[in-house]
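Structure first, commentary second.
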Amino acid sequence: LPIKALAELGHTDEALKHLQKLLKSLPKNDSFESTRLAELGAEICLEAGDMLGMERYLELVRSADDRVTRKIDKGFGSK
């Protein structure tokens, strides 16, 4: 993702701003993409030393199970 490249170049705030914009534009029931982007946000925050930001994104990953409606997908956000 270009967002990760932006963060690697030292533009962490800009990368997280774009990531947040993408997260907000996703449909509420798109748990896979939401989880993928939240994991990326957590990784960017970790590399930047922002533990509070990392926790916020990890909470989004953990909450993915609340949005999953198919039984087979339960536990996806907690792996």
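FYI, the numbering just counts along the sequence from 1. Atoms considered below: every heavy atom in the structure, side chains included; atoms not considered: hydrogens, waters and symmetry mates.
With values rounded to the nearest 0.5 angstrom, L23 atom CG is found 6.5 Å from L60 atom CG. In this structure, NZ in K21 is found 14.5 Å from CG in L16, a value given to the nearest 0.5 Å. Between the OG1 atom of T35 and the CG atom of L40 there is a distance of 12.5 Å, given to the nearest 0.5 Å. Taking CE of M51 as the start and CE of M54 as the end, the distance is 5.0 Å to the nearest 0.5 Å. To the nearest 0.5 angstrom, T12 atom OG1 is 8.5 Å from L6 atom CG. In this structure, OG in S34 is found 13.0 Å from NZ in K24, a value given to the nearest 0.5 Å.
Side-chain atoms of Y57 and R62, non-hydrogen and from C-beta on, never get closer than 4.5 Å to each other. For the pair L22 and I3, the minimum side-chain heavy-atom distance is below 4.5 Å.
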Practice item. Carefully, step by step, assess K4 and E43 under the rule side chain to side chain contact (heavy atoms under 4.5 Å, CB included). Key: CA-CA 9 Å; K4 186 172 183 167; E43 181 182 334; 2.7 Å; yes

**Study point:** R56/E59 under salt bridge (charged side-chain N to carboxylate O under 4.0 Å, His left out): CA gap, chis, key distance, verdict
**Key:** CA-CA 5 Å; R56 188 177 71 238; E59 184 57 38; over 6 Å; no

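L58 and L52 fall into different hydrophobic clusters, where Ile, Leu, Val, Met, Phe, Trp and Tyr side chains are chained together by heavy-atom contacts under 4.5 Å.
Across every non-hydrogen atom of A38 and V61, the tightest pair is CB-CG2, 3.6 Å. Residues C45 and G53 approach most closely at SG-C, 3.7 Å, considering heavy atoms.
Checked for salt-bridge contact, R36 and E39 miss the test: no charged N lies under 4.0 Å from a carboxylate O.
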